[in-house]
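For reference, the structure discussed in these notes is given below.
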2 protein chains.
Amino acid sequence: MTHSEARERVLQAAERLFAERGYTAVTIKDIAAAAGIHHASLYHHAPQGKEGLFVEIMERILSRHQQGISDAVRAGGDDLRAQLRGIAAWMVAQAPMDMVRLTHSDMPAIDPASARMLGDLAFETMIVPIVRVLFAARARGEIVPGDLGNLAGGIFSMLQGLHTLPDAYLERSRLDMANELIDVMLAGMKAR
Amino acid sequence: MTHSEARERVLQAAERLFAERGYTAVTIKDIAAAAGIHHASLYHHAPQGKEGLFVEIMERILSRHQQGISDAVRAGGDDLRAQLRGIAAWMVAQAPMDMVRLTHSDMPAIDPASARMLGDLAFETMIVPIVRVLFAARARGEIVPGDLGNLAGGIFSMLQGLHTLPDAYLERSRLDMANELIDVMLAGMKAR
DNA sequence: GTCTATATAAAGATAGAC
DNA sequence: GTCTATCTTTATATAGAC
């Protein structure tokens, strides 16, 4: 009962819109229109309403990110640069995951318990894997000591920031830009 | 007629709320309540309504950023590290300027002409000054060649990303973390 | 599974009294 | 400059026919 062709269309429309614009900027009618159904029909597939749908969708997005990021890390072997480039390739190919918006705009608009849960899950999914590859590289002696949580957050923010400019304004591919940023951070973490 | 004690309270409330949550997540009633007046009274001070108020407020915020950033750059003399640390100190002390949210959530909800204007102004105000200090440092031979626009965007995104975690979750001051990130980027831009 | 119709509430906005 | 009252539109949500 959790699946059907129509339900999947609804979930995909909701996912795209929520990821792009955030909770408050998207209406139930936007989602229904994008899924090609009347907004009343949407409640057949998402009986828990807009807020429940948002939470489900965020969990779904984050679950996909978890998979994509862990695949990228594994494919990078034991090479920090390859791991970070893999993570970057994944992230620039996905819709933005705007943690500042999630924290300051989306979360205050929903039930506090769900908000806390989503915030924790987002941090675990998006930041912690970067922390882990940095720790492993540090253990191998590839980079010098530092606040690896802070550095991981910085790398994540830089990669997400690449979504700021619309595609039309870009002179280079986002992946090229991401790789350059990673190379500079890596050189900075190795030097000294 | 552009000023009065009450109008100023309205502008300050609007500024705080819009900066924190963005356009769609803030209502006219939120702003009126924060300013301590009835929401009908708000239209006396902002006859152009919510959208006009948002545009005015964003211009005001960006104008303050322009001043704060240019002061910080000037105080940094000819030293890139001091300039970037000054910019960082300014930015972490202000409300977040979430360019991804501005681009993907706020701008699609307002008049396209205003949206384009605000987007350009935000880029000019927040990113271009960083590009300029990087170019000057490059001209002095302090850093090696690279896509300085990309690097400036990365530095900006990292600094803004420090607003993700609520104050209560922070183990170090945002300024400490910002300085560490800047030092790593600087080392990376000097090396090679 | 989808629709029409409807309910309810919230948001943006205006008129006019004080 | 601020309020009450009111209007209009939009948003979320439900009931029930098909």
Side-chain angles (χ1 to χ4, degrees), chain A residues 1-58 101 105-112 114-115 118, chain B residues 1-18 20-58 101 105-115 118:
Chain A
M1 196 52 90
T2 46
H3 268 305
S4 84
E5 198 270 317
R7 176 173 157 88
E8 189 52 33
R9 275 211 323 279
V10 168
L11 293 183
Q12 277 180 25
E15 190 175 311
R16 188 173 59 77
L17 290 169
F18 279 140
E20 201 163 290
R21 297 189 221 153
Y23 182 67
T24 55
V26 172
T27 72
I28 248 23
K29 290 189 186 182
D30 291 336
I31 299 170
I37 59 175
H38 194 273
H39 74 274
S41 310
L42 192 144
Y43 289 88
H44 176 79
H45 304 289
Q48 64 292 57
K50 184 188 179 184
E51 186 170 328
L53 180 60
F54 178 72
V55 173
E56 178 182 355
I57 290 295
M58 289 303 297
R101 182 182 67 198
S105 302
D106 297 343
M107 280 167 47
I110 66 176
D111 162 62
S114 304
L118 280 185
Chain B
M1 196 51 89
T2 46
H3 268 306
S4 84
E5 197 270 318
R7 176 172 157 88
E8 189 52 33
R9 275 210 325 278
V10 168
L11 294 182
Q12 277 180 24
E15 190 175 311
R16 188 173 59 77
L17 290 169
F18 279 141
E20 202 164 288
R21 297 188 220 151
Y23 182 68
T24 55
V26 172
T27 72
I28 245 25
K29 292 186 186 184
D30 291 336
I31 299 171
I37 59 175
H38 193 273
H39 75 272
S41 310
L42 193 145
Y43 288 88
H44 177 78
H45 305 289
Q48 66 289 58
K50 185 189 179 185
E51 186 170 328
L53 181 59
F54 177 73
V55 173
E56 179 183 353
I57 290 295
M58 289 304 296
R101 182 182 68 198
S105 302
D106 298 341
M107 279 166 47
I110 68 176
D111 161 63
S114 305
L118 279 186

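Convention: sequence-line order gives letters A, B, ...; per-chain numbering from 1. Because only heavy atoms are used, hydrogens play no part in the values below, and waters and symmetry mates are left out as well, while side chains stay in.
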Report the residue from B:H44, B:Q12, B:H45 that forms a side-chain contact (heavy atoms from CB on, under 4.5 Å) with B:R7.
B:H45
Verify the contact: side-chain N or O of A:S4 to OP1 or OP2 of C:dG1, cut-off strictly under 4.0 Å; return yes or no.
yes
Distance check needed: [N] [atom2] versus [X] [atom1], whole Å only.
X      : N      : atom1 : atom2 : value
A:E51  : D:dA11 : CD    : P     : 18 Å
A:K50  : D:dA13 : NZ    : C1'   : 13 Å
A:K29  : D:dT14 : NZ    : P     : 15 Å
A:I110 : D:dA11 : CD1   : P     : 20 Å
A:L11  : C:dG1  : CG    : P     : 12 Å

Which heavy-atom pair separates A:A13 from A:A34 by the least distance, and what is that distance?
CB-CB, 3.7 Å
Taking every heavy atom of A:K50 against every heavy atom of A:V26, the minimum-distance pair comes out as NZ-O, 2.8 Å
Any side-chain heavy-atom pair of B:L11 and B:E56 under 4.5 Å
yes
Members of residues 15-22 of chain A that approach DNA chain C, where some heavy atom sits under 4.0 Å away:
none
Strictly below 4.0 Å, heavy-atom distances to any atom of DNA chain C: list the hits from residues 32-48 of chain A, or just say none.
A:I37, A:H38, A:A40, A:S41, A:H44, A:H45
Which nucleotide wins on minimum distance to the side chain of A:A6, given the candidates C:dA11, C:dG1, D:dA11?
C:dG1
Tell me which pairs pass salt bridge (charged side-chain N to carboxylate O under 4.0 Å, His left out) where either residue lies in residues 29-46 of chain B, with sequence neighbours left out.
B:R21-B:D30
So, taking the atom named CZ in B:R101 and the one named OG1 in B:T24, what distance separates them when rounded to the nearest 0.5 Å?
8.5 Å
Working to the nearest 0.5 Å, report the span between CG of A:L53 and CD1 of A:I57.
5.0 Å
Any idea how A:F18 and A:F54 line up, ring-wise: parallel (<30°), tilted (30 to 60°), or perpendicular (>60°)?
perpendicular
